[in-house]
Amino acid sequence: MCGIVGAVAQRDVAEILLEGLRRLEYRGYDSAGLAVTDENGTLSRVRRLGKVQELADAVHANPVSGGTGIAHTRWATHGEPSEINAHPHMSGENIAVVHNGIIENHEALREMLREKGYVFTSQTDTEVICHLVDLELTNHTSLLAAVQAAVKQLEGAYGTVVMDRRDASRVIVARSGSPLVIGFGMGEHFIASDQLALLPVTRRFAFLEEGDVAEVTRFDVNIFDRDGHPVEREVKESEVSHDAGDKGQYRHYMLKEVYEQPIAIQRTLEGRLHNGQVISSAFGDNAEELLKNVKHIQIIACGTSYHAGLVARYWFEQWAGISCNVEIASEFRYRRSHVFENSLLVTLSQSGETADTLAALRLAKEMGYMASLTICNVPGSSLVRESDMAYMMKAGAEIGVASTKAFTVQLAGLLMLVGAVGRHNALDAAGEARLVSALQSLPAKVEQTLTMAESIEALAEDFADKQHALFLGRGEQSPIAMEGALKLKEISYIHAEAYAAGELKHGPLALIDADMPVIVVAPNNELLEKLKSNVEEVRARGGLMYVFADTKANFASDDTMKVLNVPHCDEFIAPILYTLPLQLLSYYVALIKGTDVDQPRNLAKSVTVE
Ligand code: M6R
């Protein structure tokens, strides 16, 4: 999704802006632009369709100078991807604006502004902000007051930075529904939609809250809440590592992140398991008090995070003995749902900024849940700030659009929650101790499972000319099959579907032929014999299967089936281990197909619009 970078400094900021945009590239975008102003009032704007590198080439060909600047990567919503629609947008020669989010009442505002004589040059909703600020400057003496008045008229979501050519000493920043951070340097300040963009220039950040408007100069940051009252927002040292945006020895971020899973899980579990017990303060300071009363869990998430929730539903009902519902956030937020007694609302999100999940949390907070908990990877993100409790995943920055390490770390966090809630319900001390020991074995087991990479790479050849694939699993492995299918379609563009294997004969069997590879996840659990019957159903219809099976599951490769063994493990952690070969399979298939693994077409890393 769109990315914002801004700076107010004494030095030229074009390179800082470009580097910031590069570090936001992973979010997905179709065009990029920047505008800088110098103290003589010269404003230079450069925009390009395509990659940040094209923008950088244009800037290097015709260098721009100035200490105040704004920059943007655009992911088209209103208006096609084009240079004309790329940000920054301008009103006349003075007001320049970058914007993330969607202005829902842009048509009405456009009409009103046209009547006042403003001419629109783009199809974007953003352009109304520029003209509105310009209009408000006729009623107000400062840019701050004009922006404050303008944003009051906006409906929808925005994170925006406004600059005026006539006063290079400041920019005005406003946030509602789309995140923005302010970075604190020495005699200079920065703005970004994600702290990752600014790590080369600062590690000190203040997160704006909903409705905040801030005036940012070289020396001061003055923040006002939605009612215009001055407010303080705590400045915190970033916990994100400086090289988070670096691929290191790996060809793609996705591969790097797949291989980071053992350490990411270990870091996340560190200090949170002790003497066969889950330490419940990992979920928040007073979590134990709340968790002991939980009788139902409602999970809300999107995409891969939703799949983690689906796995956890099996766990909560089977091990903790409490009921659990899981729903896609974009559905939950638009329907009337029932709140069970003593129900804990759990949101799952890598980014903490997914618009639908955030909207669902806000709605749920009005509905009478006993408390809200988020399991999230980004400290200071909106979900973390707005939830009653937060379990911080320590997966480190995930840059690849395809979520990998965030998923397995989420599952580890959810298993901890099964322990923390289950001990007050159906999970006895021995059960909790077994769960804890399975979790402790996880980093090494993940490491061992990743050694399957070479044989999976060889297997991937079989998929290169395929148009479709079917993924099968049973029980808590059926969401793993869904996750495998999502990974494959997301990065290789092969159409993939997933089914709970017992559903085959109710329709999908009709699809089976030699051109439809069938991928089966087969751990050694109580459903193994049932799954074997489903495998026979496929074999009898001429299907070709790829089975990821427990070493003790007794599958053997033959003409119709290639079997790859996954290390034997405790049932608790099997869904996590079986995810890994599916991640690797999708990666190697995408590599053969030559798709853009880290930034697949049409997708964005952090989906901050609905
Ligand atoms: O940041 P979140 O976990 O809230 O993101 C949710 C989905 O957008 C995300 O998982 C998406 O499905 C991934 N691209 C899947 O790989």
Side-chain angles (χ1 to χ4, degrees), residues 1 3 24 26-29 75 178-179 193-194 196 252-255 257-258 261 264 299-312 326-333 346-362 373-384 386-387 390-393 395-411 413-414 471 479-480 482-494 496 498 579-580 582-587 590 595-610:
M1 294 269 121
L24 296 181
Y26 75 96
R27 296 167 68 96
Y29 67 103
W75 190 80
S178 199
S193 49
D194 181 336
L196 214 56
H252 293 101
Y253 285 110
M254 180 183 172
L255 193 63
E257 288 156 9
V258 164
Q261 290 177 103
I299 297 179
I300 299 171
C302 302
T304 288
S305 297
Y306 169 68
H307 294 157
L310 290 177
V311 174
V326 189
E327 191 157 357
I328 293 167
S330 56
E331 288 298 313
F332 179 89
R333 65 180 289 195
V346 179
T347 56
L348 304 176
S349 177
Q350 187 286 127
S351 62
E353 300 293 352
T354 300
D356 283 321
T357 311
L358 195 52
L361 168 69
R362 288 176 184 155
L373 162 71
T374 189
I375 295 184
C376 184
N377 194 35
V378 179
S381 60
S382 300
L383 280 174
V384 171
E386 295 187 29
S387 300
Y391 174 97
M392 290 317 305
M393 294 152 57
E398 191 180 66
I399 308 282
V401 165
S403 189
T404 52
K405 60 179 177 173
F407 180 69
T408 49
V409 170
Q410 270 168 345
L411 287 176
L414 282 160
F471 286 72
I480 299 304
M482 292 167 75
E483 175 57 11
L486 177 62
K487 284 291 91 83
L488 188 69
K489 72 182 112 180
E490 192 174 24
I491 61 166
S492 76
Y493 314 151
I494 292 177
T579 302
L580 308 169
L582 304 187
Q583 294 172 344
L584 287 166
L585 179 67
S586 64
Y587 174 76
T595 51
D596 190 342
V597 172
D598 286 330
Q599 290 168 39
R601 68 185 180 201
N602 306 337
L603 297 181
K605 180 65 183 165
S606 182
V607 184
T608 50
V609 295
E610 83 165 289

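We're numbering straight along the sequence, starting at 1. Ligands are counted one by one from 1 in listed order, and the atoms in each one are counted from 1 as well.
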### Query
Taking N or O atoms only and a 3.5 Å limit, does Val401 qualify as a polar contact for ligand 1?
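Yes, since at least one N or O of Val401 sits under 3.5 Å from an N or O of ligand 1.
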### Query
Between Gln350 and ligand 1, is there a nitrogen or oxygen pair with a distance under 3.5 Å?
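So ligand 1 has an N or O lying under 3.5 Å from an N or O of Gln350.
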### Message
Let's go through Thr374 and Leu361 carefully: what are the C-alpha distance in whole Å and the side-chain angles of both, what is the deciding distance for side chain to side chain contact (heavy atoms under 4.5 Å, CB included) to 0.1 Å, and is it a yes or a no?
### Response
CA-CA 9 Å; Thr374 189; Leu361 168 69; over 6 Å; no
### Task
List the atom of Met392, the atom of Val378, and the distance in Å for their closest heavy-atom pair.
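What the structure gives for the nearest pair is CE-C, 3.6 Å.
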Distance under 4.0 Å to a non-hydrogen atom of [X]: what atoms of ligand 1 satisfy this?
| X | value |
| --- | --- |
| Glu490 | 13 (C), 14 (N), 15 (C), 16 (O) |
| Ala402 | 16 (O) |
| Ser349 | 1 (O), 2 (P), 3 (O), 4 (O) |
| Lys487 | 15 (C), 16 (O) |
| Ser403 | 15 (C), 16 (O) |
| Ser305 | 2 (P), 3 (O), 10 (O) |

### Task
Measure from the side-chain N and O atoms of Glu398 to the backbone N and O of Lys405, and report whether any donor-acceptor pair falls under 3.5 Å.
yes
### Query
Which residue from Gly303, Cys302, Ala301, Ser381 reaches closest to atom 6 (C) of ligand 1 through any of its heavy atoms?
Cys302
#### Entry: Shortest reach to atom 4 (O) of ligand 1 by a heavy atom, considering only Asp356, Thr354, Thr304
Thr354
[X] and [Y]: side chain donor to acceptor below 3.5 Å:
| X | Y | answer |
| --- | --- | --- |
| Glu353 | Ser382 | yes |
| Ser349 | Ser305 | no |
| Gln350 | Ser403 | no |

### Query
Between Glu386 and Arg362, is the closest basic N to carboxylate O distance under 4.0 Å?
yes
#### Entry: Nearest non-hydrogen protein atom, atom 8 (O) of ligand 1
Val607 CG2, 4.0 Å
### Query
Which residue holds the protein heavy atom closest to atom 1 (O) of ligand 1, what is that atom called, and what is the gap in Å?
Ser351 OG, 2.7 Å
### Query
What's the verdict on side chain to side chain contact (heavy atoms under 4.5 Å, CB included) for Val607 and Cys302, showing C-alpha distance, side-chain angles and the deciding distance?
CA-CA 10 Å; Val607 184; Cys302 302; over 6 Å; no
